[in-house]
Amino acid sequence: MNEQHNQTSWRILADRFIWSDENALPLIPEEISDEELQKYLYTYHKDKISIEEIKTLRAKDVKDQ
């Protein structure tokens, strides 16, 4: 059940990133690969974000902390 909750949580963050919050993407756990995130964003939002953009946005938060 916890695994399912984590899956749901990262998808909510990905949705939030698309709809209104640029800072949501870096909050997605490292266990979720950039490729999996890219596939989700394209499948559900038709967003063609590149792997490099995802890496940059996720790394940005690490630097800021």
Side-chain angles (χ1 to χ4, degrees):
M1 175 121 46
N2 192 22
E3 177 71 23
Q4 184 176 5
H5 176 71
N6 290 340
Q7 290 291 319
T8 302
S9 296
W10 80 258
R11 289 186 173 116
I12 289 169
L13 287 167
D15 295 341
R16 215 170 83 189
F17 168 73
I18 291 296
W19 295 326
S20 63
D21 185 0
E22 282 185 9
N23 299 315
L25 197 62
L27 301 175
I28 295 173
E30 290 180 17
E31 294 80 36
I32 306 302
S33 71
D34 296 333
E35 291 80 7
E36 187 174 2
L37 184 51
Q38 182 190 44
K39 182 178 177 182
Y40 177 82
L41 292 174
Y42 181 75
T43 301
Y44 290 93
H45 298 287
K46 302 298 183 228
D47 189 303
K48 296 180 180 178
I49 190 169
S50 71
I51 294 290
E52 285 305 313
E53 287 176 289
I54 291 171
K55 285 181 181 175
T56 301
L57 287 166
R58 292 179 87 180
K60 181 180 165 189
D61 187 57
V62 174
K63 289 180 193 172
D64 291 344
Q65 289 182 358

Exercise. Excluding sequence neighbours, so at least two apart, what forms salt bridge (charged side-chain N to carboxylate O under 4.0 Å, His left out) with D47?
Worked result: none
For this session: Could you tell me the separation between the CD atom of E53 and the CG atom of L25, rounded to the nearest 0.5 Å?
Result: 10.0 Å
Exercise. So how far is it from S33 OG to I54 CD1, rounded to the nearest 0.5 Å?
Worked result: 9.0 Å
Test side chain to side chain donor-acceptor pair (under 3.5 Å) applied to [X] - qualifying residues, sequence neighbours left out:
X	value
T43	none
D15	Y40, H45
R11	none
E36	none

Exercise. With sequence neighbours left out, what residues match I12 under side-chain contact (heavy atoms from CB on, under 4.5 Å)?
Worked result: T8
Exercise. Side chains of I49 and L37: does their closest heavy-atom pair fall under 4.5 Å?
Worked result: no
Exercise. Would you say I18 and Y44 make side-chain contact, with heavy atoms under 4.5 Å?
Worked result: no
Heavy-atom closest pair, residues [X] and [Y]:
X	Y	answer
A24	R16	CB-NE, 3.8 Å
R58	I32	NH1-O, 2.9 Å
N23	L27	O-CG, 3.6 Å
I28	A14	CD1-N, 4.0 Å

Exercise. Counting heavy atoms not belonging to K48, are there more than 12 under 6.0 Å from its NZ?
Worked result: no
Exercise. Under 6.0 Å from the CD atom of E22, do we count more than 12 heavy atoms belonging to anything else shown?
Worked result: no
Problem set entry | Y42 six-ring face occupied by K39 cation (under 6.0 Å, within 45°) | no
